[in-house]
Amino acid sequence: MSTIEEEFISTVSHELRTPLTSIRGFSQTLLNSWDKIKDEDKKKFIGIIEEQSNRLIHLVENILSVSKMNAASQVLKEVDVNKNIKKIISLIEAQYKTHTFKLELYSNLPTALLDEDKFQQIMTNLVDNAAKYSESGKTVTVTTEVIENKICIRVEDEGVGIKPEDYSKLFKKFSRLENHLTSKTQGNGLGLYITKQLVENMNGEISFESSKQGTTFNVLFPFYNQEDALKCSQLS
Ligand SMILES: Nc1ncnc2c1ncn2[C@@H]1O[C@H](COP(=O)(O)OP(=O)(O)OP(=O)(O)O)[C@@H](O)[C@H]1O
Ligand SMILES: [Mg+2]
């Protein structure tokens, strides 16, 4: 086993142990002292068990994604980017009811050559971060446009921003940055690591800009059809 694999397994084991220890501890307390625990505490403990179970499910899903993110496991086909973005936004909107989600989608956007499931995963990670790292009431804007023969997808938030000294850690696995929302929210620091690998495996590029006013992630993908590239270059 390589050092990288060993390090990955040791980090994963640690990440798994924390919620499991908490689930076991609270279940044991409930089982052993049921009659002595006040109703409101019972509810609180069960709430923690549920929260930690969700954390485990999220981690297991992310670990499965890491194992399946190599280029060999992707199926590239013609994909309607705008349609997929609308689908992802409707799912995430339901989880972040106090945020506003705005779509500015380019009409007649050429199709892209992508693995549809992996594209949805990329969008889910970026939009989830945009909402998670901004206060309630803020707006997340997703824009699509054509830039230099490529499809450009932009996810813009009004959140806490990323400090320049953290830029180099952003796409590293298991790295969560310090900000006041990271400690209040759940995550394993795998989302952007997976996202970058998936984007690059599908011949795309990812970049970001950030300030105290918020963060914007830009993703570029090639068109499905080379004729679209020609048409767009004639228009511009
Ligand atoms: N839009 C954003 N604005 C501010 N900080 C961000 C943003 N997106 C990511 N970050 C910071 O980068 C870190 C890494 O993001 P990443 O998506 O990889 O992990 P996560 O959200 O913590 O967990 P996961 O995505 O695995 O559930 C986050 O913990 C957060 O501190
Ligand atoms: Mg994330």
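Any value given below was found using the heavy atoms of this structure, including those in side chains, with hydrogens, waters and symmetry copies removed.
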About how many Å separate CG of Leu20 and OG of Ser13, when rounded to the nearest 0.5 Å? 11.0 Å

Going by salt bridge (charged side-chain N to carboxylate O under 4.0 Å, His left out), name the pairs with one or both residues in residues 78-93, residues two or more places apart or in two chains. none

Are Leu220 and Leu113 linked, directly or through other ILVMFWY residues, by side chains that come within less than 4.5 angstrom of each other? no

Minimal non-hydrogen separation, Glu15 against Phe174, with atom names: CG-CE2, 3.9 Å

Evaluate Thr111 against Val81 for side-chain contact (heavy atoms from CB on, under 4.5 Å), listing each step before the verdict. CA-CA 7 Å; Thr111 49; Val81 165; over 6 Å; no

One should read off an interatomic distance between Asp166 CG and Lys172 NZ, to the nearest 0.5 angstrom, of 11.0 Å

ILVMFWY cluster, Ile147 and Ile122 together (side-chain gap under 4.5 Å): no

Interatomic spacing from CG in Asn125 to CD1 in Ile92 - rounded to 0.5 Å: 8.5 Å

Give me the atom names and distance for the closest heavy-atom approach of Leu170 to Leu177. CD1-CD1, 3.6 Å

State which residues pass side chain to side chain donor-acceptor pair (under 3.5 Å) with Gln121; sequence neighbours excluded, sorted by chain then number. Ser65

Check the hydrophobic clustering (I, L, V, M, F, W, Y; side-chain heavy atoms under 4.5 Å; chains of links allowed) and say if Val146 and Val219 are grouped together. yes

Out of Arg176, Lys132, Arg55, His58, which one pairs with Gln186 under the side-chain contact (heavy atoms from CB on, under 4.5 Å) rule? Arg55

Which heavy atom of Asn179 sits nearest to which heavy atom of Leu181, and what is that distance? OD1-N, 2.8 Å

Given Asn203 and Phe221, is the side-chain contact (heavy atoms from CB on, under 4.5 Å) satisfied, shown in steps? CA-CA 7 Å; Asn203 308 310; Phe221 280 119; over 6 Å; no

Below 4.5 Å, heavy atoms only, C-beta onward: do Val142 and Phe101 meet side chain to side chain? no

Any non-hydrogen side-chain atom of Ile194 less than 4.5 Å from a side-chain atom of Val66? yes

Using the rule that Ile, Leu, Val, Met, Phe, Trp and Tyr join whenever any side-chain heavy atoms are under 4.5 Å apart, tell me whether Ile46 and Ile37 fall into a single cluster. yes

Contacts table for residues 158-165: side-chain donor-acceptor under 3.5 angstrom, sequence neighbours left out:
from	atom 1	to	atom 2	distance (Å)
Glu158	OE1	Thr139	N	3.0
Lys163	NZ	Glu178	O	3.1

Could you work out, with ring-ring contact (aromatic ring centres under 6.0 Å, His included) as the rule, every residue matching Tyr193, not counting sequence neighbours? none

Partner residues of Ser210 under the side chain to side chain donor-acceptor pair (under 3.5 Å) criterion, sequence neighbours left out: Thr215

Spatial distance of atom CG (Leu91) from atom OH (Tyr96) [nearest 0.5 Å]: 12.5 Å

Which heavy-atom pair separates Tyr106 from Glu145 by the least distance, and what is that distance? CD1-CA, 3.7 Å

Okay, side chain of Ser175, backbone of Lys169: is any donor-acceptor separation there less than 3.5 Å? yes

Quick check: does any side chain N or O of Thr18 sit under 3.5 Å from a backbone N or O of His14, one acting as donor and the other as acceptor? yes

Show me the pairs that pass salt bridge (charged side-chain N to carboxylate O under 4.0 Å, His left out) and involve residues 102-125, at least two apart or across chains. Lys77-Glu116, Lys102-Glu104

Got Ile206 and Thr195 here, is their nearest side-chain heavy-atom distance under 4.5 Å? yes

State the OG1-CG distance between Thr143 and Leu103, to the nearest 0.5 angstrom. 8.5 Å

hydrophobic_cluster_shared for Ile153 and Phe171, side chain cutoff 4.5 Å: yes

From Ser207 OG over to Lys196 NZ, what is the distance, rounded to the nearest 0.5 angstrom? 9.5 Å

Identify each donor-acceptor pair in which a side-chain atom of residues 24-32 lies under 3.5 Å from a protein atom, sequence neighbours left out, and give them as a table.
from	atom 1	to	atom 2	distance (Å)
Ser27	OG	Ile23	O	2.4
Thr29	OG1	Gly25	O	2.8
Asn32	ND2	Gln28	O	3.3

Are a donor atom and an acceptor atom from the side chains of His99 and Ser134 found within less than 3.5 Å of each other? yes

Pairing residues for Asn201 by the side chain to side chain contact (heavy atoms under 4.5 Å, CB included) criterion, not counting sequence neighbours: Ala71, Gln74

Closest non-hydrogen atoms of Lys138 and Glu135, given as atom of the first, atom of the second and distance, are CG-O, 3.1 Å

Minimum side-chain heavy-atom gap Leu105-Leu109 below 4.5 Å: no

Show every salt bridge (charged side-chain N to carboxylate O under 4.0 Å, His left out) that has at least one partner inside residues 202-220, sequence neighbours left out. Lys150-Glu205

Verdict with reasoning, Asp157 to Phe217, per side-chain contact (heavy atoms from CB on, under 4.5 Å): CA-CA 9 Å; Asp157 66 53; Phe217 278 87; 5.7 Å; no

Which residues pass the side chain to side chain donor-acceptor pair (under 3.5 Å) test with Thr141, not counting sequence neighbours? none

Qualifying residue for side-chain contact (heavy atoms from CB on, under 4.5 Å) with Met123, from Ile89, Asn84, Val155: Val155

By the salt bridge (charged side-chain N to carboxylate O under 4.0 Å, His left out) test, which pairs, at least two apart or in different chains, include something from residues 42-51? Asp39-Lys42

Set of residues satisfying ring-ring contact (aromatic ring centres under 6.0 Å, His included) with respect to Tyr224, sequence neighbours excluded: none

